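All values reported here derive from a predicted model rather than from experimental measurement. Just so it is clear: chains get the letters A, B, ... in the order the sequence lines come, proteins before strands, and each one is counted from 1.
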Amino acid sequence: MRLPTFAAQDDPGPNFVALLQAAGLAPPLPDSATNDLSITHATTVVAIRCANGVVMAGDRRATAGHLISHSSIEKVFPADRHSGIAIAGAAGPAMEMVRLFQLQLEHYEKVECRPLSLEGQANQLSIMVRNNLPAALQGFAVVPLFAGYDTASEVGRLFQYDVTGGRYEEREHAAMGSGSLHAGTVIKLGYRPDATPDEMIDLAVSALYRTAEEDTATGGPDLVRGIFPVVAVVGPEGFERVDDTDVERRFRDLLASMDNS
Amino acid sequence: MTMPFYVAPEQMMKDRADFARKGISRGRALAAVSIQEGILICAENRSRTLRKVSEIYDRVAFAGVGRYNEFDQLRIAGIRHADMKGYTFSRQDVDARSLANQYAQLLGQTFTHEMKPLEVEILVTEVGPTHNTDQMFHILYDGTVNDESGITVLGGSCEVIADKLQESYEPTWQLPEAIGAAAQALSSSDATHNTEDLTAPNNAVLGADELEVALLARGKSGRAFQRIEGQALAEHLER
């Protein structure tokens, strides 16, 4: 691998994706419909705003048609120090998008010696989703949720996207993927503005549990194998994943409260 | 048709080397020290925005002296190289040695083939799990690579500064004493005192707003590069 140098007029600047294109490393787009091909799909993810941050959560199931292809994939990732991304849709392109997005933010920060603003990150993701539109039309749709703590205005912010790259900022909560209807309803009923992150983690856990009861593509907590949804809080301290044992405890509390009622 | 004058290759190389050295010695120096907490890089830099020290990858950092636009181009090329390598292979495959070789090739090529050699000296350094595994590659304007250990000094009057640091250097140094010693040593350079303010006392030690300090922290997972600036730096210097 040689040192990439460019003439001033061809320089890609702090844009990592443009750099990959210049180096011929950009992923190719599919050129035929893939409706017959059963590709892996990542399913339900949710994000809820709370006091001073956002709670993000995603179940662990991936499906291919009617089969469960993975029972422990992860759909919630850190994007930058103060932001996180959760994905639903075709798992392969989605993972690639997450990886590129993370690298894009890191690359920008290193080249420019300052991190990209949260607004800039949200717009950047919008462009990436839009660039995936031809693939989405072939059956490889990727729809992310993006949340972060805006260090400039000191609030948690939450964005959802559609396949065309449309970027919609949500004030309360958002859900994506096959179980989004059920998860969204549970969250809507339990949501309170300015609740603590702790309360909203419980709400996210309960929403995923209820969704798993209604939607086959959403995995519930697996107490036998010890597989639990990925839950993370994005706040002033940055992106912090909630420990698996903590999530397990919350599930056991939830189950116990259901037994008592 | 006019014939160009014959210039002996020895003479041409010497002229170019002199030219590059002159440019570099005008700049202010920087020092890197391998200590307990990792690798400390300390540069004399009065600008808050134009950086001399920068992050390349998880455990790799870059520092340059000489012409700003030239070493900044090299810095960005290094970040691109590292990020593309990490993307194509994996994060653990990005290392200082291969990057140093790439830099050496580019600098050597420019030195012999271009009109003007690059007036820079750069440092590519990688922090390891222990002091013995730290790597420091000091690369000169003509592509010469020096693999150094413990201490490296780049830029004008680097011998004076290196000698001063070497007197007291211990690999077991902690951060505050290393920053103090580096600031002391950098202050002993001639370039520092030949500048604007002739009334300043000649033995003044550089302050927090005249230094750019960064640490490649040892034993940290992920990105190990952290800047030490503002209040934190002032506190270290006071001790």
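- Contact annotation for B/Ile56: only backbone heavy atoms (N, CA, C, O) come within less than 4.5 Å of a heavy atom of chain A.
- The two atoms that bring A/Arg99 and B/Phe89 nearest to each other are NH2-O, 4.2 Å, heavy atoms only.
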Audit row: A/Arg81, B/Arg223, side-chain contact (heavy atoms from CB on, under 4.5 Å) steps and yes/no
CA-CA 11 Å; A/Arg81 243 170 250 116; B/Arg223 292 162 69 182; 4.0 Å; yes
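- How far SG of A/Cys113 is from CG of B/Leu50: 9.5 Å, rounded to the nearest 0.5 Å.
- A donor-acceptor pair under 3.5 Å is formed between the side chain of B/Arg75 and the backbone N or O of A/Val111.
- Within the 4.5 angstrom heavy-atom criterion, atoms from both the backbone and the side chain of B/Arg80 approach chain A.
- Residue B/Gln109 holds its CD atom at 10.0 Å from OG1 of A/Thr5, rounded to the nearest 0.5 Å.
- Between B/Ile76 and A/Lys110 the shortest side-chain heavy-atom distance does not fall below 4.5 Å.
- Across all their heavy atoms, B/Tyr87 and A/Leu103 have their closest contact at CD1-CD1, 3.5 Å.
- Around the CZ atom of B/Arg97, the shell of radius 6.0 Å holds no more than 12 heavy atoms that belong to other residues, nucleotides or ligands.
- Ion pairing between a basic and an acidic side chain is recognised when a charged N comes within 4.0 Å of a carboxylate O; B/Arg91 and A/Glu106 show such pairing.
- Interface remark: B/Phe225 contributes no atoms to any contact with chain A (heavy atom separation under 4.5 Å).
- Neither the backbone nor the side chain of A/Gln104 comes within contact range of chain B; no heavy atoms are under 4.5 Å apart.
- Residues A/Leu3 and B/Gln102 come closest through the heavy atom pair N-OE1, 3.2 Å.
- Under a cut-off of 6.0 angstrom, the local environment of CZ in B/Arg48 is crowded, with over 12 non-hydrogen atoms contributed by other residues, nucleotides or ligands.
- The CD atom of B/Glu55 sits 6.5 Å away from atom CD of A/Glu109, with the distance rounded to the nearest 0.5 Å.
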